[in-house]
Structure formats: C-alpha cells, structure tokens
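Comments concern the structure below.
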Protein chains: 2
Amino acid sequence: MSRAASLREKHDGALDDRGSVRLWLRLLTCTTVIEKRLKRRFADQYGVTLPRFDVMAALDRHPEGMTMGQLSQALLVSNGNVTGVVQVLVRDRYVSLAPSPTDGRSSVARLTQLGRECFAGLAEAHHEWIEAMLAGLDREERGQLHQLLGVLKDSLAAEGGEE
Amino acid sequence: MSRAASLREKHDGALDDRGSVRLWLRLLTCTTVIEKRLKRRFADQYGVTLPRFDVMAALDRHPEGMTMGQLSQALLVSNGNVTGVVQVLVRDRYVSLAPSPTDGRSSVARLTQLGRECFAGLAEAHHEWIEAMLAGLDREERGQLHQLLGVLKDSLAAEGGEE
DNA sequence: GTATGAAATTTCAAGCTTGAAATATCATAT
DNA sequence: ATATGATATTTCAAGCTTGAAATTTCATAC
C-alpha cells in the first residue's frame with residue numbers, strides 16, 4: 001500500500017512565482033516537517049523535548065563542561081533560554097552545574113553519569129530517525145545537498161544579520 | 001570591509017561523523033538563521049510577527065476567504081494556534097471574520113482593505129530580504145537546491161509521520 | 001584602593017506552539 | 001424526529017523563545 005501522499009508545502013500554490021521565495025518556502029517546509037517529527041518522537045518515546053536534547057548533545061561533545069554562554073552560542077539561542085532548559089536538566093539529574101574556578105560570573109554545566117547514559121540512547125534513536133527520513137536521497141544527492149547548503153550558509157554569512 | 005565571518009553551525013564540530021546528521025544540522029542551521037532574520041526585521045521595521053505575516057499571506061492568496069481549518073492546514077500549525085493569531089489580526093482590523101453561510105461550525109477569515117494594503121508592503125520587503133539572503137547562489141545552484149529539496153520532500157512523504 | 005565600564009547570568013513579560021478537553025454544529029441511519 | 005458519530009472550533013495548561021532590565025563579577029585606569 002503505502003500511498004505516500006506527497007507533502008503539502010507551506011503556502012502551497014502561491015501565485016508568487018518568484019523562485020527565491022519558492023525555494024525558501026520549500027527549505028522551510030522540509031525543516032519544519034523533520035523538526036516536528038523529531039519533536040513528537042522524542043516526546044512520545046522518551047519524554048524529552050528537543051531543546052533538552054540539544055543541550056545534552058552539546059554537553060556530550062564537551063566532557064570538560066560548558067558555560068551558559070558557550071551553550072547559548074553553540075545552540076544559537078538566547079542566554080535566558082539556556083538558563084531555563086539547563087535548570088530542568090539539573091532538576092532531573094542529567095546535568096550538574098558548578099561554579100567556574102576561573103571566573104566567578106560563570107558556572108559550568110556537565111552531563112552527569114545518568115545524563116551520559118540517557119543521551120546515548122537518545123542519540124542512537126535520533127540518528128536512526130534522520131537516516132530513515134533521508135533514505136530517499138542517495139549518496140550523491142546527499143553530498144550535493146550538503147554542498148549547496150554550504151553555499152547558502154556562506155551567502156547568509158555574507159549578507160550579514162545587520163550586526 | 002565586510003569580513004563576512006563564516007556562520008557557526010548548530011552543534012558545530014560534532015565528532016558525530018555520520019553524514020546524514022551533519023546534513024540535517026546544516027539544513028536546520030540555514031533555516032533557523034533565515035527565519036530569525038526575517039523575524040527580527042519584521043518586528044523592527046513593521047511591528048509584525050512571522051505567524052501574523054503567514055496568516056496574511058495565506059489570506060492574500062485566497063480573496064474568497066479561508067476557514068480556520070483551512071488556515072491551519074495551509075500553515076502546518078494547530079487549530080488552536082490559528083485561533084489566537086487570527087484574533088489579534090481581527091483586533092487590529094487587518095482581518096475580518098464572518099460565519100460561514102454553508103456551515104454553522106465554521107467561520108471565514110478574509111483580509112480587510114487595510115490588511116491588503118499592509119500586506120503588500122510586507123510581501124515586498126519579504127521578497128527583497130529573501131532575494132538578498134540567497135544572493136550568493138546563482139541561477140543554476142538555486143535550481144539544483146530546489147530540485148534536491150524536492151527529493152527530500154518526497155523522501156519525507158515516503159517515510160511518513162507514523163500517521 | 002577605587003571607580004568605571006565590560007561581561008556572564010538570571011529574571012521576567014509577552015508571544016508562539018501544541019495537544020487534549022470541551023462545545024457546537026453537521027450528517028446520517030433509523 | 002432522534003440518536004450517533006464525525007467535524008470545526010475554542011479554551012487551556014505547559015513549554016519554548018526572545019529581548020530588556022537587573023544583578024553580580026571581572027578588568028582596568030587612575
């Protein structure tokens with residue numbers, strides 16, 4: 001069976017024939033669909049939110065610990081945001097928070113042993129889900145897509161965020 | 001000047017050498033960066049949020065009006081979400097809400113004259129911003145990217161959202 | 001030593017988002 | 001006519017996100 005109805009696209013059928021906007025909407029739709037599936041599956045199967053997974057993933061790659069500011073930069077979210085997410089991870093014993101020995105203003109977050117163990121399972125599921133969602137692209141297509149997104153990334157860096 | 005520092009990527013430097021996850025993170029980063037810039041510029045220059053723009057864009061392409069359910073489907077967001085966004089647009093006189101003549105359960109949202117006028121300006125700015133952000137891709141690259149995202153979209157449709 | 005500005009963090013209000021529960025209406029079989 | 005299930009919508013609580021204000025600590029010039 002598996003009719004695999006084609007996905008609706010945000011603002012589908014736009015009269016707006018301008019190619020760049022269409023490209024952007026397609027990019028947005030793909031990302032949104034993947035993100036929502038990940039979110040739902042993490043919630044249903046592990047009782048974890050995406051932001052919490054993101055923090056754990058960042059900490060898992062930095063066993064020496066990360067300050068709140070480093071987390072904020074790594075995850076592209078605000079400082080205040082990190083505060084809240086880390087607080088619940090600390091409450092749930094997945095993350096520990098210790099004052100920085102070198103800078104009294106900073107505290108350093110680390111995964112606890114429990115956090116590391118839990119994260120291993122999450123990362124495994126995450127990888128499988130992504131792999132399955134990208135199954136329709138062969139090796140070459142993945143490489144091309146990765147390369148073109150690199151060009152886009154550079155274009156975005158060049159355009160600048162009016163900073 | 002314009003140093004155009006290259007953009008950081010979410011979870012940058014992942015040991016995680018699995019290509020599909022890296023591809024996903026790059027896709028996510030590009031989308032996130034574009035979305036945040038649009039959000040900030042709409043807020044700063046027009047005092048409008050992205051969800052409100054999305055609703056207005058959908059209504060602009062459907063002068064006959066749309067029900068809440070149609071808006072929800074078109075924008076890939078929940079019903080309850082649409083309710084709130086439309087309510088403030090009605091409060092601000094950009095959108096009118098009338099009971100459906102054929103179905104007592106539904107009401108039909110339409111852009112008001114004021115809404116149409118405001119949206120024209122928003123759409124113009126939106127298009128320019130997108131165009132500028134994609135300026136680093138030539139015509140062929142845009143076509144390839146659009147095509148590959150189409151393959152991804154089909155892959156996502158095939159994988160199914162456990163529906 | 002002290003004042004001053006920079007930097008790291010937290011707090012807080014406002015807005016978006018979802019999913020579940022509640023309401024209201026429709027469609028249909030009897 | 002009526003009961004029943006399906007549909008459209010709203011309400012609501014919980015969580016994420018941001019930007020601005022407040023707080024604490026640092027670094028440096030004097």
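Proteins come first, then strands; the chains are lettered A, B, ... in the order of their sequence lines, and each starts at number 1.
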- Going 5' to 3' through nucleotides 7-12 of chain C and flagging B where a protein heavy-atom sits under 4.0 Å of the base, S where only the sugar-phosphate is that close, and - otherwise, we get BSBBB-
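- Not counting sequence neighbours, Glu141(B) has no partner by the side-chain hydrogen bond (donor to acceptor under 3.5 Å, both in side chains) test.
- Separating the CG atom of Asp54(A) from the C1' atom of dG15(D) is a distance of 15 Å, rounded to the nearest angstrom.
- No more than 12 heavy-atom neighbours from other residues, nucleotides or ligands sit within 6.0 angstrom of CD on Glu140(A).
- For the pair Asp44(B) CG and dT18(D) C1', the interatomic distance rounds to 12 Å; values are reported in whole Å.
- Between Leu71(B) atom CG and dT10(D) atom P the separation is 11 Å, expressed in whole Å.
- The CD-P distance, from Gln73(B) to dT18(C), rounds to 14 Å in whole Å.
- In this view, Glu131(B) and Ser20(A), His127(B), Arg142(B) satisfy the side-chain hydrogen bond (donor to acceptor under 3.5 Å, both in side chains) rule, not counting sequence neighbours.
- Non-hydrogen atoms lying under 4.0 Å from DNA chain C are contributed by nothing in residues 89-96 of chain A.
- Residue pairs meeting the ring pair (Phe, Tyr, Trp, His ring centres under 6.0 Å) criterion with at least one member in residues 27-49 of chain A, sequence neighbours excluded, are Phe42(A)-Phe53(A), Phe42(A)-Trp129(A).
- In summary, the side chains of Ser106(A) and Ser100(A) do not present any donor paired with an acceptor at a separation below 3.5 Å, with no hydrogens or angles considered.
- Atom CZ in Arg37(B) sits roughly 15 Å away from atom P in dT18(D) (whole-Å rounding).
- In this structure, the CZ atom of Arg52(A) is 7 Å from the P atom of dG15(D), given to the nearest Å.
- Put simply, CG on Leu76(A) is 17 Å from P on dC16(D), counting in whole angstrom units.
- To the nearest angstrom, P of dT17(D) lies 12 Å from CD of Glu35(B).
- In this model, the phosphate group of dC16(C) is not approached by any side-chain N or O of Lys39(B) to a distance below 4.0 Å at OP1 or OP2.
- Among residues two or more places apart in sequence or in another chain, the side-chain hydrogen bond (donor to acceptor under 3.5 Å, both in side chains) test is passed with Asp138(A) by none.
- The residue Ser100(A) sits apart from the nucleic acid: no heavy atom pair falls under 4.0 Å.
- Remark: His146(A) engages Arg26(B) in a side-chain hydrogen bond (donor to acceptor under 3.5 Å, both in side chains) (not counting sequence neighbours).
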Identify each donor-acceptor pair in which a side-chain atom of residues 85-99 of chain A lies under 3.5 Å from a protein atom, sequence neighbours left out, and give them as a table.
none

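- Residues meeting the salt bridge (charged side-chain N to carboxylate O under 4.0 Å, His left out) test with Arg116(A), sequence neighbours left out: none.
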